[in-house]
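A quick write-up on the structure given underneath.
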Amino acid sequence: MYRIILTKIGAGLLTTLGVSIVIFLGTNALPGDAAQIRLGQAATEDSLKALREELGLNLPLYQQYFRWLFNFLQGEFGTSLASGNVTIAQLISDRYENTLIVSTLTAMIGVPISVGLGIMAAMFPGTIYDRFLTLGSVTLVAAPEFFTATLMVLFVVFFLGIGNAVVVGSIDDKNLVELITHFILPIATLCLVIAAQLIRMTRAAVLNVMNSPYIEMAILKGIPRRRVVMRHALLNAIGPIVNVIAINLAYVVTGVIVIEVYFGYAGLATLIVQGVQTRDYILIQTLGMIFCATYVILMMIADLASILSNPRLRHPK
Amino acid sequence: MNKKVVFEAKNLCINAVRDDGSELPIVRDANFKVREGEVVALIGESGSGKTTIALSSLGYCKPGLKISNGTTSLFDQDLTNMGIEELRQIRGEKVAYLAQSAIATFNPALKINEQVTESAVIHGSKTQNEANEFAKGLYHSLDLPNPDLIGARYPHQVSGGQLQRLMAAMALCGEPSLLVLDEPTTALDVTTQIEVLKAFKKVIRERGAAAIYVTHDLAVVAQIADRIVVLYNGDIQEKGTANEVISKPRHPYTKRLMQAVRPLPAAGKKTKLNKTDKVIEIKGVFAGYGGDVMSKPKEIILKDMNLELSRGEVLGVIGESGSGKSTLARVIAGLLPSFKGEILLDGQQLKPRLEDRPRSELRKIQFVYQMADTAINPKQTIGNILGRPLEFYLNMYGQKQKDRVLELLDMVELPKEFFTRYPHELSGGQKQRINLARALAAEPEVLLCDEVTSALDSIVGANVIELLRGLRKNLGVSFVFISHDLSTVSAFADSIAVMYKGIIAETGSVHKVLSPPSHPYTDLLISSVPELRVGWLEDADKNIQKAKNLLEKENIS
Amino acid sequence: MSNNKNNEDKHYVAPFSNEVSFDELQDAPPSGKFRLSITGKLGVIVVAFWLFIAIFGQFLAPYEENDLPFPDDYSEFQKPRPGAWLGTDVDDRDILSRIMYGAGRTIGISLAGVLIAYVIGVTLGIGSSIAGSRIDQVLTQFFNILLAIPTIMFGLVVVAAVGSSIPVLIITAGAIFSPVVFRLSRALGMEIMVMDFVEAAKVRGEGYRWIIFKEIWPNAAMPLISDFGLRFIYVILFVSSLSFLGLGVQPPLADWGSMVRENLGALQYGESVIPILAPAIAIASLTVAINLIVDDVSAHAGGKLSGRL
């Protein structure tokens with residue numbers, strides 16, 4: 001079994017490496033190189049050449065790639081092309097807290113609630129409660145994030161009568177309660193967005209187990225419903241559920257981009273959008289790698305969860 | 001006659017509720033009783049409603065079914081009126097269920113002992129310690145290896161036959177008054193089936209429990225049942241004591257069932273064969289899986305195969321799952337290239353790989369698959385399925401092709417209307433006939449039949465064999481007839497090859513193979529075929545044990 | 001039946017006539033014809049409505065997409081009133097007309113994108129499932145890497161590299177969603193490839209053409225079509241999200257996603273939220289409607305296809 005896990009982890013690392021090549025090549029296709037952008041139109045051939053040498057841009061592409069990868073792994077991301085001489089590390093450290101707080105709180109609040117709701121729906125299939133949840137999640141799952149966000153804002157502003165719902169501002173010197181109130185709308189929106197997926201997928205995963213012959217057998221053995229669900233069904237559903245959770249957390253990584261722009265607060269996602277608008281490819285490379293690596297790791301966890309949950313692998317013959 | 005009635009079904013009617021709300025009767029007006037210490041067999045083919053009736057004794061209906069009329073009662077308590085909680089108290093405690101597939105009914109995530117003892121502990125009849133001890137006793141009496149340790153394992157860590165017996169332990173742990181056994185030996189190999197059957201019979205007798213035994217296999221019923229209820233299409237056709245029903249069947253359906261029971265292994269009618277006219281010769285063939293094509297495979301399945309098939313001959317290949325008998329067919333067909341040895345067709349050497357063989361050679365060898373459900377494309381009409389080999393091999397198109405397809409349908413005794421139908425509109429037996437007709441369309445010299453009757457009900461299977469017999473007589477085709485069922489093979493084949501662990505243990509004419517002295521494995525197979533008489537199980541046991549011991553010695557040397 | 005209670009234990013034989021042949025029982029009849037549920041029907045109506053608007057909207061719209069309904073009135077985000085039934089947007093343009101123009105663009109781009117994704121994904125996926133280990137491994141590895149990049153992130157990098165235009169959006173959407181379609185059709189192909197009827201065709205000596213088009217394709221088509229709807233939703237969401245981020249359809253062209261972005265200010269300054277709500281509802285109603293249909297179809301087909309992966 002350890003071999004399977006190690007191969008999975010190895011495959012994850014290889015995928016990340018592959019992704020880094022795609023990102024590197026993609027951003028290298030941008031018109032103009034770093035030297036030209038830095039020095040502007042008025043630069044002389046000589047000064048361009050000097051800067052290119054300094055930055056290693058005259059090297060063959062694969063050497064540039066390894067250089068970049070090596071630096072990236074050491075945390076040296078380089079300097080931004082668009083915002084003067086600010087280092088990327090500086091830009092990121094200014095902003096990452098917002099993104100981290102929103103995604104962590106979303107995970108902490110949204111995941112347990114949604115998984116619980118999904119299990120409940122699977123326990124009472126066909127009831128009004130189940131139908132309501134199913135229809136609700138069918139609707140939400142297909143709606144764009146900004147639709148959900150707009151509904152949230154309308155709810156808060158017009159229904160609850162709370163003004164200034166779109167909070168923009170620094171998060172310094174705030175305690176947890178203040179932070180939550182600050183982030184309540186983006187977090188609530190993201191929670192709703194992942195809840196739709198999570199409820200649906202959890203329900204399907206549990207229902208799949210509930211329809212298996214060994215559950216019917218447990219019922220025919222006279223096992224109380226609670227125990228059938230908690231011991232017989234959930235133990236088998238845990239793998240699929242963890243898998244579902246990891247997939248949806250990976251989804252938060254992308255969902256957060258739209259939400260940050262919508263609510264206009266400064267996080268990593270708005271930073272990368274800025275990077276695209278100003279064609280700051282060094283910034284895009286770095287942030288792209290961070291987002292993709294997180295995504296790959298979460299997907300890898302999803303994969304490992306389904307392997308680890310298989311008793312055939314945990315307890316070999 | 002004055003024993004206590006354990007279970008009774010009165011005017012029981014069960015309907016299937018379809019999506020549009022309409023109801024379809026599954027069981028009609030069933031009446032029968034099960035008394036203390038008595039085994040009642042429900043016998044019928046698929047669709048007869050036997051499992052549905054059996055489950056009703058636990059107060060349970062599969063999703064989509066409902067009891068529309070009548071009652072079922074356990075010790076005079078009406079099950080149809082009970083609430084969930086009352087039923088829960090009864091299930092596992094007073095009546096316990098054994099399903100067809102133990103592999104599917106054991107929870108893969110829980111240890112065996114927990115699942116075996118769970119019901120008894122929850123119902124409060126035993127403490128966990130008492131239950132553990134009791135379970136160990138059961139493992140002993142079910143002849144399970146390592147009875148003290150087997151409970152600590154997970155279901156996937158024990159063999160299929162052991163799991164089937166462990167399921168019996170699971171049912172018996174709560175010491176129920178009624179056991180419901182739903183085809184508990186059908187999924188097993190013949191030799192394993194006998195052991196499991198023996199173990200079941202022993203514990204049922206020891207505990208004096210009543211039992212409902214659901215099966216389609218009359219020979220099995222004869223070994224274990226006191227009374228028999230015969231079902232067809234949801235109606236009880238005949239019921240009586242095992243002796244009455246087996247020795248003096250009165251209803252035509254029961255008689256049909258009896259006819260379809262596999263006859264005892266014995267040589268069929270002799271056919272005159274020209275032994276010098278060889279269709280297929282297999283010389284020193286080795287084959288296996290894994291590794292690159294044509295090089296030595298990682299896992300060798302077939303070792304040094306030597307077989308001959310004369311024109312018009314039926315060669316039966318017999319063995320249990322894993323013996324390599326299906327692999328042999330795949331090697332002949334070229335699906336699995338052999339890496340050593342040669343196969344001759346009409347004296348010409350065949351290329352090992354299917355892709356390298358010319359169309360004319362491919363035409364001469366046709367493969368008939370076990371599962372007609374997956375062997376014919378569900379998205380093609382019967383006309384297209386049968387027409388394709390005609391245009392592919394014989395360049396037959398248009399009206400000529402259609403006429404020939406209708407002829408083929410007639411040949412396999414199916415109506416002409418099937419020409420435009422799709423496979424899902426046909427029954428299992430009809431699909432198997434289409435499967436056969438497709439192979440015949442190519443006008444082959446050899447038919448490779450891989451377990452063609454084992455997925456079919458006994459009567460349907462017997463009819464297919466009957467059809468094959470006629471075809472053989474009229475068409476002069478040779479057969480390689482692969483089966484795990486010795487009696488089917490011996491009734492149809494001219495010669496037999498017994499396969500065991502990838503080698504041919506014994507080969508020769510049916511008469512030669514079936515008469516002693518023979519290979520211990522052949523003995524084991526012969527003595528494992530259930531006979532349709534009461535008390536056979538006990539007699540057979542000695543022979544089986546003897547053959548097993550011999551076989552073990554053989555394996556060691 | 002009334003008297004048989006007493007002789008319950010007697011040998012009982014049901015009445016019979018000798019003509020009855022006791023044929024094999026038919027397999028369970030195929031489940032009834034496919035019927036849409038109420039929500040499914042609603043979905044069809046909504047989707048049909050939007051397809052109609054997508055094709056004819058620009059001819060039916062009261063104004064051109066960048067016309068000002070009230071050239072003399074400079075106030076933005078006006079409330080609905082005669083002449084502008086959904087009010088005006090940040091640049092005083094008629095929202096109703098822009099939604100009608102945007103419909104064609106949003107739906108057209110997404111449809112073209114998902115079609116490209118399908119052509120690439122299905123061809124390579126089914127091809128890969130047949131081609132055998134080498135090619136299959138290379139393709140699978142390649143698409144796995146693409147799958148490991150979040151769709152939006154992929155879009156951002158492409159737009160950063162080559163700028164945003166409608167052809168770029170279509171091709172990008174096609175490229176981004178082809179790995180998922182690839183994985184799906186490969187899995188389907190694999191599943192069908194191991195069926196006995198495909199092997200039977202091989203044993204017959206059939207070539208690849210027959211096996212692909214006559215054996216595999218007819219069996220893969222239905223599941224793929226029901227997945228098409230789901231993929232279409234994701235492409236619409238992707239294209240709209242890019243536009244919302246300002247990286248998709250560029251102003252002054254109208255597109256539902258960019259309309260939400262342009263009018264984001266209405267949340268803070270406007271008297272009416274319709275400028276945001278209207279395009280958001282347009283997208284949501286379309287995608288939700290498609291999903292309602294997909295849900296019905298896949299429930300009929302026996303579970304979601306993506307659940308098999």
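In what follows, chains carry the letters A, B, and so on, assigned in the order in which the sequence lines appear, proteins first and then strands, with residues in each chain numbered from 1. Just so we're clear, the structure is a prediction, and the values are computed from it rather than from any experiment.
Using bins of under 30°, 30° to 60° and over 60° for the plane-to-plane angle, the ring pair B/Tyr422/B/His424 lands in the parallel bin. Ring-plane geometry between C/Phe238 and C/Phe177 is classed as perpendicular, the angle between the planes exceeding 60 degrees on a 0 to 90 degree scale with a lower cut at 30.
Of all the listed residues (B/Arg330, B/Glu355, B/Arg363), the one sharing the greatest number of non-hydrogen pairs under 4.5 Å with chain C is B/Arg330. The residue among B/Glu238, B/Gln366, B/Gln370 with the most heavy atom pairs within less than 4.5 Å of chain C is B/Glu238.
Cation-pi geometry between B/Arg359 and B/Phe392 is satisfied (NZ or CZ under 6.0 Å from the ring centre, within 45° of the ring normal).
Counted within 6.0 Å of CD on C/Gln141, heavy atoms from surrounding residues, nucleotides or ligands total 12 or fewer; the atom is thus considered open.
Looking at B/Leu354, only its side chain comes within 4.5 Å of chain C, counting heavy atoms on both sides.
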